[in-house]
Asker: 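Sharing a structure here in structure tokens format.
All values reported here derive from a predicted model rather than from experimental measurement.
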Amino acid sequence: MGRTHALTGWCAGLVVAPMVGAEGAHQAVAFATVTSGFALLPDLDHPGASASRLLGPITKAVSWLLRKASAGLYALTKGPRDEDCKGTHRHLSHTVVFAVLLGLLTAVGTEKGGPWAVAGVAIFALLLAEDALGDWLLPVAAAAVTWWATSTPDGLGELAPLAGWLGYAVAVGCIVHCLGDALTKSGCPFLWPIPIRGETWYEIRPPKALRFRTNGPAENWVMVPVFSILAVALLPGATDYALDVAAQVVGR
């Protein structure tokens with residue numbers, strides 16, 4: 001479900017941010033925001049998905065084009081044992097190739113566009129995440145922007161170093177989405193075009209006992225609570241702050 005994709009994308013973003021140089025709290029939060037939002041983007045290949053409905057006719061048109069491209073690519077590249085289907089949902093946009101290409105386009109776009117392009121990508125990602133997690137995210141985002149404005153002397157300039165790095169955030173978000181879908185009963189063909197057992201679009205999935213049903217007990221009662229806790233615990237300085245508070249409580 002969308003909320004799980006957004007939560008796992010946020011957590012992955014906080015883990016990956018320091019690896020690409022987004023080490024400060026402000027940059028890490030911006031990086032993770034993009035990763036969280038773009039962890040929902042691959043479902044743009046479904047007309048009923050939140051990503052497809054986000055910007056009305058604009059995203060609906062992009063969704064239609066993506067489905068057409070995916071169907072054409074599936075018909076052109078399917079292997080002898082691939083299933084007989086349209087090749088729209090969970091195909092082109094659910095591959096590592098798609099994630100890497102979209103990441104490269106984002107990197108080039110943000111390098112050329114500077115801080116305003118970075119802000120645009122971050123806002124679009126925030127809207128994607130808000131649509132999945134709920135309207136409560138908007139006041140939280142407003143508080144985060146206020147915190148940013150009052151604690152960074154450079155303001156929007158603090159975003160400049162993220163230009164180019166956001167390509168990693170976009171790619172990681174899409175890949176996290178694919179990994180999440182791979183854990184479900186349907187699987188995910190994210191290793192396309194590598195042929196596996198006669199299938200170019202082979203659905204990667206774990207052993208049957210480890211798969212879970214979308215919106216089932218495993219997702220609602222295990223994954224969502226665990227990643228909700230990690231979403232806070234992985235924030236830069238959150239663990240140290242919690243330990244300091246605990247030490248003060250014990251000291252009393």
Asker: Find the distance between CG (Leu92) and CZ (Arg67) and round it off to the nearest 0.5 Å.
Answerer: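 Atom-to-atom, Leu92:CG and Arg67:CZ are 12.5 Å apart.
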Asker: Give a yes or no answer on whether the side chain of Thr106 reaches the backbone of Leu102 with a donor-acceptor pair at less than 3.5 Å.
Answerer: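 At least one qualifying donor-acceptor pair exists.
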Asker: Look up atom SG in Cys174 and atom CG in Leu41, then write down how far apart they are to the nearest 0.5 Å.
Answerer: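 CG of Leu41 is found 5.5 Å from SG of Cys174.
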Asker: Can you tell me how far CG of Leu40 sits from CD of Glu130, rounded to the nearest 0.5 angstrom?
Answerer: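 Atom-to-atom, Glu130:CD and Leu40:CG are 11.0 Å apart.
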Asker: Please determine whether residues Leu101 and Leu66 belong to a single hydrophobic cluster, defined as Ile, Leu, Val, Met, Phe, Trp and Tyr linked transitively by side-chain heavy-atom distances below 4.5 Å.
Answerer: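 Hydrophobic grouping puts Leu101 with Leu66.
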Asker: Are the side chain of Arg53 and the backbone N or O of Gly48 linked by a donor-acceptor pair below 3.5 Å?
Answerer: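 Indeed, once roles are kept as given, a pair shorter than 3.5 Å links the two residues.
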Asker: Compare every heavy atom of Cys11 with every heavy atom of Ala231, then report the nearest pair and how far apart it is.
Answerer: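 Closest heavy-atom pair between Ala231 and Cys11: N-SG, 3.6 Å.
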Asker: With distance as the sole criterion, is a donor-acceptor pair present between the side chains of Asp45 and Ser70 under 3.5 Å?
Answerer: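 No, no side-chain donor-acceptor pair sits under 3.5 Å.
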Asker: In the structure I gave you, are the side-chain heavy atoms of Leu7 and Ser228 within less than 4.5 Å of one another anywhere?
Answerer: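 With C-beta onward as the side chain, the pair touches.
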Asker: Kindly compute the distance separating CG (Leu54) from CG (Leu44), expressed to the nearest 0.5 Å.
Answerer: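 Taking CG in Leu54 and CG in Leu44, the distance rounds to 9.5 Å.
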Asker: So do Cys178 and Val96 actually touch side chain to side chain, heavy atoms under 4.5 Å?
Answerer: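 No, their side chains stay 4.5 Å or more apart.
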Asker: Under the 3.5 angstrom rule, does the side chain of Ser93 hit a backbone N or O of Pro42 as a donor-acceptor pair?
Answerer: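 Yes; at least one donor-acceptor contact below 3.5 Å.
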Asker: Looking at every non-hydrogen atom in both residues, tell me the closest pair between Thr110 and Ala107 and how far apart they are.
Answerer: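 Reported closest heavy-atom pair: OG1-O, 3.2 Å.
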Asker: Side chain of Thr200, backbone of Thr77: donor and acceptor closer than 3.5 Å?
Answerer: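 Yes; at least one donor-acceptor contact below 3.5 Å.
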Asker: Using the rule given for side chain to side chain contact (heavy atoms under 4.5 Å, CB included), can you reason through Trp10 versus Phe227, listing the C-alpha separation, both sets of side-chain angles and the distance that settles it, and then say yes or no?
Answerer: CA-CA 9 Å; Trp10 170 266; Phe227 282 101; over 6 Å; no
Asker: Mind telling me whether Tyr74 and His91 have parallel, tilted or perpendicular rings, with 30° and 60° as the class edges?
Answerer: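 If you compare the ring of His91 with that of Tyr74, the planes turn out perpendicular.
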Asker: Taking Ile194 as the starting point, is it possible to reach Ile204 by hopping between hydrophobic residues whose side chains are less than 4.5 Å apart?
Answerer: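 Same cluster: Ile204 reaches Ile194 through Ile, Leu, Val, Met, Phe, Trp or Tyr contacts under 4.5 Å.
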Asker: Is there a path of hydrophobic side-chain contacts, each under 4.5 Å between heavy atoms of I, L, V, M, F, W or Y residues, that connects Leu230 with Met19?
Answerer: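 Cluster IDs for Leu230 and Met19 match.
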Asker: Whether the side chain of Arg90 engages the backbone of Gly187 through a donor-acceptor N/O pair (distance < 3.5 Å, no angle test) should be reported.
Answerer: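 Confirmed, Arg90 side chain pairs with Gly187 backbone.
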Asker: Measure the CH2-NE2 distance between Trp192 and His94 for me, rounded to the nearest 0.5 Å.
Answerer: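 Rounded to the nearest 0.5 Å, the CH2-NE2 separation comes out at 14.5 Å.
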Asker: Given the rule that I, L, V, M, F, W and Y join up when any side-chain heavy atoms are under 4.5 Å apart, are Leu166 and Val108 in one cluster?
Answerer: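 Result: no, two separate clusters.
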Asker: Would you find a donor on one side and an acceptor on the other, under 3.5 Å apart, between the side chain of Thr95 and the backbone of Phe190?
Answerer: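 No, Thr95 side chain to Phe190 backbone: no donor-acceptor pair under 3.5 Å.
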Asker: For Val118 and Trp165, what are the C-alpha separation, side-chain angles and deciding distance, and is it a side chain to side chain contact (heavy atoms under 4.5 Å, CB included)?
Answerer: CA-CA 10 Å; Val118 173; Trp165 296 349; over 6 Å; no
Asker: Run through Leu191, Leu73, Ile196 and flag the one making a side chain to side chain contact (heavy atoms under 4.5 Å, CB included) with Trp201.
Answerer: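 Answer to the side chain to side chain contact (heavy atoms under 4.5 Å, CB included) test with Trp201 among Leu191, Leu73, Ile196: Leu73.
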Asker: Quick check: does any side chain N or O of Arg205 sit under 3.5 Å from a backbone N or O of Lys185, one acting as donor and the other as acceptor?
Answerer: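 Yes, the answer is positive, given that a donor and an acceptor are paired below the 3.5 Å cut-off.
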Asker: Tell me the closest heavy-atom pair linking Glu203 and Glu83, and the distance in Å.
Answerer: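 Distance-wise, the nearest heavy atoms are OE2-OE2, 2.9 Å.
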Asker: Nearest heavy-atom pair of Gly37 and Leu128: which atoms, and what distance?
Answerer: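 Nearest pair, atom of Gly37 first, then Leu128: O-CD1, 3.4 Å.
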Asker: When you look at NZ of Lys60, are more than 12 heavy atoms from neighbouring residues, nucleotides or ligands closer to it than 6.0 Å?
Answerer: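 No.
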Asker: CG/Leu234 to CD1/Ile229 distance, rounded to the nearest 0.5 angstrom?
Answerer: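 Answer for the CG-CD1 pair, Leu234 versus Ile229, is 11.5 Å.
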Asker: If you look at every heavy atom in Gly109 and Ala117, which pair is closest and at what distance?
Answerer: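 So the minimum-distance heavy-atom pair works out to O-CB, 3.9 Å.
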Asker: Is the backbone of Leu126 close enough, under 3.5 Å, to the side chain of Thr33 for a donor and an acceptor to pair up by distance?
Answerer: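 Checking the backbone N and O of Leu126 against the side chain of Thr33, no donor-acceptor pair under 3.5 Å is found.
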Asker: Short question: side chain of Thr35, backbone of Gly9 - any donor-acceptor pair under 3.5 Å?
Answerer: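 Between the backbone of Gly9 and the side chain of Thr35 there is no qualifying donor-acceptor contact (under 3.5 Å).
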Asker: Donor-acceptor check, side chain of Asp82 to backbone of Gly79, threshold 3.5 angstrom: yes or no?
Answerer: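 Yes; judged by distance alone, with no hydrogens or angles, the pair exists.
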Asker: Ile175, Leu105: one ILVMFWY side-chain cluster at the under-4.5 Å cut-off?
Answerer: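 Result: no, two separate clusters.
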Asker: What are the two closest non-hydrogen atoms of Gly13 and Phe31, and how far apart are they?
Answerer: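 Between these two residues, the closest heavy atoms are O-CD2, 3.4 Å.
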Asker: Look at the rings of His177 and His5 and say which category their plane angle falls in: under 30° parallel, 30 to 60° tilted, over 60° perpendicular.
Answerer: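 Parallel, since the angle between the ring planes stays under 30°.
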